[in-house]
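Notes follow the structure.
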Amino acid sequence: RALDKLNAKLGTDYKLKIYTSEKNPEILSAFDGISSVELPGFVTGEAYTREFDKAQRLLHVEAFDAASIAYVRNSVSTKIADSLASGKPLLAYGPKEVASMGHLLRNDCAITATDESGLEAMLLTAFTDGAACTAAAEKGLEIARCYHDSELVGKRMHDVFAKVIKE
């Protein structure tokens, strides 16, 4: 709905494509009447890579209900690492209490909103401020190299274990 409002305000036709295998009519009906959302279905393999590469911006969303917050409080999705390493601006919407949002906020590597009141401003920035998008994409690449490079992280873990064993 926030993207529909932005499109109306700017006279644009930005689309949010959600690739999901969701079949629950109650969940899918939440998108009824929202013209900016497309649900093309779940994709894997080459189709996933093709769609990922075509995206101009990427979006990470976390739920705000207490059960979901408790469930993801200490985890960071591997899709965040992929998104940061893509060189595309990452938009993130979720509660600041969860690890994924904390990671993105702490490292200033995404265009973020941590509550509904900031969502429209986040989208406006993401679609009208080229410098902010470039900065988020560049910082994302830096953070991906620093925190999400498997060789580097593996070496750090090796060093930590070696130190612990030595002590």
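Along the sequence shown, residues are numbered consecutively beginning with 1. The analysis underlying the following values was restricted to heavy atoms, covering all of them including side chains, and did not include hydrogens, waters or symmetry mates.
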If two hydrophobic side chains count as joined below 4.5 Å and joins carry through other members, does L141 share a cluster with V76?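 In one cluster: no.
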
Among residues at least two apart in sequence or on other chains, which ones pass salt bridge (Lys or Arg N to Asp or Glu O under 4.0 Å) with [X]?
X    : answer
K5   : E120
K166 : none
K88  : none

Which value, rounded to the nearest 0.5 Å, describes the distance between [X] atom [atom1] and [Y] atom [atom2]?
X    : Y    : atom1 : atom2 : value
D53  : S86  : CG    : OG    : 9.0 Å
I143 : L84  : CD1   : CG    : 8.0 Å
Q56  : C133 : CD    : SG    : 10.0 Å
N7   : S36  : CG    : OG    : 6.0 Å
I80  : C109 : CD1   : SG    : 8.5 Å

Listed partners of H60 passing ring pair (Phe, Tyr, Trp, His ring centres under 6.0 Å), at least two apart: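 With sequence neighbours excluded, H60 shows a ring pair (Phe, Tyr, Trp, His ring centres under 6.0 Å) to no residue whatsoever.
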
Partner set under ring pair (Phe, Tyr, Trp, His ring centres under 6.0 Å) for F52, not counting sequence neighbours: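 Ring pair (Phe, Tyr, Trp, His ring centres under 6.0 Å) check on F52 returns Y48.
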
Which heavy atom of [X] sits nearest to which heavy atom of [Y], and what is that distance?
X    : Y    : answer
E62  : S100 : OE2-OG, 2.8 Å
A126 : R57  : O-NE, 2.7 Å
A137 : G87  : CB-O, 3.3 Å
A144 : A81  : CB-O, 4.4 Å

Ring pair (Phe, Tyr, Trp, His ring centres under 6.0 Å) contacts touching residues 97-116 (sequence neighbours left out):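 For residues 97-116, and leaving out neighbouring residues, the ring pair (Phe, Tyr, Trp, His ring centres under 6.0 Å) pairs sorted by first residue read H103-Y147, H103-H148.
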
Any pair with a residue in residues 65-75 that passes side chain to side chain donor-acceptor pair (under 3.5 Å), sequence neighbours left out, goes on the list, sorted by first then second residue, please.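 Residue pairs with at least one partner in residues 65-75: D65-S68.
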
Where at least one partner belongs to [range], residue pairs that pass salt bridge (charged side-chain N to carboxylate O under 4.0 Å, His left out), sequence neighbours excluded:
range            : result
residues 95-116  : none
residues 23-38   : none
residues 130-144 : K139-E142

Members other than L59 in its cluster, when Ile, Leu, Val, Met, Phe, Trp, Tyr link by side-chain heavy atoms under 4.5 Å?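 Listed partners: L3, L6, L10, Y14, L16, I18, L28, F31, I34, V37, L39, V61, F64, L91, Y93, I111, L119, M122, L123, L124, F127.
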
Side chain to side chain donor-acceptor pair (under 3.5 Å) partners of K163, counting only residues at least two apart: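 Side chain to side chain donor-acceptor pair (under 3.5 Å) check on K163 returns nothing, list empty.
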
Side-chain donor or acceptor of T134 paired with backbone N/O of A131 under 3.5 Å: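 Absent.
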
